Amino acid sequence: MTKLLSMNRRNFLQASAAGALAGAMPGLIASSAAAQTALTVGFIYVGPKDDYGYNQAHAEGAAVIKAMPGVTLVEEENVPETVDVQKTMESMINLDGATLLFPTSFGYFDPHMLAVAAKHPDIQFRHCGGLWQEGKNPANTGSYFGYIFQGQYLNGIAAGHATKSKKIGFVAAKPIPQVLQNINAFLLGARTVDPGITCQVIFTGEWSLAVKEAEATNALVDQGADVITCHVDSPKVVVETAAGRGAFVCGYHANQSPLAPEKYLTGAEWAWGNVYSDFVKKAQAGEKLGNFVRGGLKDGFVKMSALGPGVPAEGRKAFEATQADMMKGGFSVFKGPLKDNKGDTVVAADKSYAEDAIELESMNYLVEGVVGSTA
C-alpha cells in the first residue's frame, strides 16, 4: 500500500508539473531543448559510500556526474548481492525514472542485472567488471573496467624501494583473474628493484570481511612482510592494521593516505569520474554506449596516490619514469620469459602482453615468487 501511495503521489506531482508547464510563459517553453538532455542515473553500492575503498571510488565518480548539467543522480548504498539489488533497480526505474543504471558490485551482474535488463530493454545497464559477453548478454547491458594492475605494478616499484626484508604481502579476496593480475603485477613491479623479493598472498574468501582481513594482515607481518597491499572492497582495515604493526602500505581503489600518512607509500586508485562522465555525455546525446569499455592510466581510468614520505629519492625517480612510460601507452607489465609459481612457463620469452591483451581477462596463475595458492 505504501508503494502504491508513493507511486500515486509521484504521478500526481508529475501531472501537476506538466499542467503548470503548459500554462507557463513562452520563455519557459522555449527551454524544452535543455530538457531533452535530462537524464536520471542510478548508482548502487554493495557497501557504504565512505568505505575508503571500492564503493567510495564509485561514489566519487558519481559525484562528478551529479554536477553535470541535466543530470539527476539517485544512489543506494549497502545493497547486498541478492534479489535486493533487483528491487533497488526496479525502484530506480519505476519510481525515479532512471534510464541509465550502474550496479557497481561484482555479484550484481548475474543473475540480478541480467534479469532486470531483460524486463526493461529500453533502459541501459553498465556493470563494473569483465563479465559481459557479446552474443550472450543483452545489448542494453555492458561492462567497464580499468587496467588497474598498472597501478599495482607502480605500487610494487614503491614497495621494492621501501622493503628491508625483501618480503612483501598481499591480502586478497578471491582468486579471480582481476585479483590475480593485481597480485602478479605488484610482485613484478617490486622485482624490477630487486629480483630476490617475494610476495606472500592470503585469500580471505570474501570481498568484505574485516576480521579475516585483520588476521591476514597480521599473519603477513608475522611472516616478515614489511610492505602490504590488498584487493578487498575496503582496504581500511588492512591499511590501519599494517601501519599499526610498523609495516608500509600501498593503497587500492581510493586514497587511504589519511589513514596512515607516515606509512602510506602510494596507491592504485580508480578515476571513475572520467568514465562515468563519458557514459553520461553519450547517453544525453543519444549516442550508443559501449558494451565493453576498458582503459588504463593513459586513458584516465586509473590514477595514483601521491608518493608518501617512505619512498626514497631513488624510488621516486623509478616510479615517475615508469609511470611516464605507461602514459605513452602499450606498456607491458606481463612479458616473457615468465613462469608461474609452479615452475611452468606462462609467457614465452618472445611474448609480451599490452594492457588490453585478451589473455589477461582469463589469467588463472600466480607468478614465480608469489607464495600462496589460487586453490
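Keep in mind the model is a prediction, meaning the values are calculated, not measured.
- Between F109 and W132, the distance separating the two ring centers is not shorter than 6.0 angstrom.
- Residues Q256 and P235 come closest through the heavy atom pair NE2-CG, 3.7 Å.
- No donor-acceptor distance shorter than 3.5 angstrom exists from the side chain of D194 to the backbone of R191, with no hydrogens or angles considered.
- Surrounding NZ of K339 are at most 12 heavy atoms belonging to other residues, nucleotides or ligands under 6.0 Å away.
- Under the 4.5 Å side-chain heavy-atom criterion for grouping Ile, Leu, Val, Met, Phe, Trp and Tyr, W270 is not connected to Y264 through any hydrophobic cluster.
- Of the possible donor and acceptor atoms, none in the side chain of D340 sits under 3.5 Å from a partner among the backbone N and O of L366.
- The side-chain contact (heavy atoms from CB on, under 4.5 Å) check on K298 picks up E355, with sequence neighbours excluded.
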For a quick test of your reading: what N or O donor-acceptor pairs under 3.5 Å do the side chains of residues 306-322 make, sequence neighbours left out?
{"unit_1": "R316", "atom_1": "NE", "unit_2": "V311", "atom_2": "O", "d": "3.2"}
{"unit_1": "R316", "atom_1": "NH2", "unit_2": "G308", "atom_2": "O", "d": "2.8"}
{"unit_1": "T322", "atom_1": "OG1", "unit_2": "A318", "atom_2": "O", "d": "3.0"}

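- One hydrophobic cluster, built from ILVMFWY side chains closer than 4.5 Å, cannot hold both F203 and L209; they sit in different ones.
- Using a 4.0 Å cut-off between a side-chain N of Lys or Arg and a carboxylate O of Asp or Glu, D278 and K281 do not qualify as a salt bridge.
- Nearest heavy atoms, L289 versus A283: CD2-N, 3.7 Å.
- Ring pair F186/F170 is perpendicular by interplanar angle, where above 60° counts as perpendicular and below 30° as parallel.
- Counting heavy-atom neighbours within 6.0 Å of E287 CD, excluding the residue itself, gives a total above 12.
- Across all their heavy atoms, Q150 and M326 have their closest contact at O-CE, 3.5 Å.
- Shown here are the side-chain contact (heavy atoms from CB on, under 4.5 Å) partners of A185, two or more places apart in sequence or in another chain: F149, Q152, Y153, V333, F334.
- With sequence neighbours excluded, the residues satisfying salt bridge (Lys or Arg N to Asp or Glu O under 4.0 Å) with E361 are R294.
- Side chain of S165 to backbone of G224: a donor-acceptor contact under 3.5 angstrom is found.
- Side-chain N/O atoms of E81 and S105 include a donor and acceptor closer than 3.5 Å.
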Pairs of donor and acceptor atoms involving the side chains of residues 341-350, under 3.5 Å and at least two apart or interchain, shall be tabulated with distances.
{"unit_1": "N341", "atom_1": "ND2", "unit_2": "V370", "atom_2": "O", "d": "3.0"}
{"unit_1": "N341", "atom_1": "ND2", "unit_2": "G372", "atom_2": "O", "d": "3.1"}

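- Without hydrogens or angle criteria, N255 side chain to S257 main chain gives a donor-acceptor distance under 3.5 Å.
- Nearest heavy-atom pair across V238 and E213 is CG2-CB, 4.1 Å.
- When hydrophobic clusters are built by joining Ile, Leu, Val, Met, Phe, Trp and Tyr residues whose side-chain heavy atoms come closer than 4.5 Å, directly or via intermediates, M113 is grouped together with L101.
- The main-chain N or O of F106 is found under 3.5 Å from a side-chain atom of H127 such that the two form a donor-acceptor pair.
- No hydrogens or angles considered: a donor-acceptor pair under 3.5 Å links the side chains of E90 and N94.
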- Y144 and W272: ring pair (Phe, Tyr, Trp, His ring centres under 6.0 Å), yes or no, with the steps? CA-CA 10 Å; Y144 58 97; W272 290 131; 5.3 Å; yes
- Check the pair N182, Y252 against side-chain hydrogen bond (donor to acceptor under 3.5 Å, both in side chains), reporting the backbone distance first and the verdict last. CA-CA 10 Å; N182 285 329; Y252 188 64; 2.9 Å; yes
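- Checking Y45 against E75 by side-chain atom types alone, a donor-acceptor pair falls below 3.5 Å.
- With 3.5 Å as the limit, one finds a donor-acceptor pair spanning the side chains of D226 and T163.
- For the pair A172 and V232, the tightest heavy-atom approach, listed with the atom from each and the gap, is C-CG1, 4.3 Å.
- Y108 and V83 fall into different hydrophobic clusters, defined by Ile, Leu, Val, Met, Phe, Trp and Tyr side-chain heavy atoms under 4.5 Å apart, directly or through other members.
- Shown here are the side chain to side chain donor-acceptor pair (under 3.5 Å) partners of E60, two or more places apart in sequence or in another chain: Q56.
- A continuous path of Ile, Leu, Val, Met, Phe, Trp and Tyr side chains, each step under 4.5 Å between heavy atoms, connects L188 with L154, placing both in one hydrophobic cluster.
- No donor-acceptor pair under 3.5 Å is formed between the side chain of N55 and the backbone N or O of D51.
- Closest heavy-atom contact between R126 and S143: CD-N, 4.3 Å.
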- Task: Apply ring pair (Phe, Tyr, Trp, His ring centres under 6.0 Å) to Y276 and F102, showing your working.
- Result: CA-CA 9 Å; Y276 289 138; F102 293 103; 4.6 Å; yes
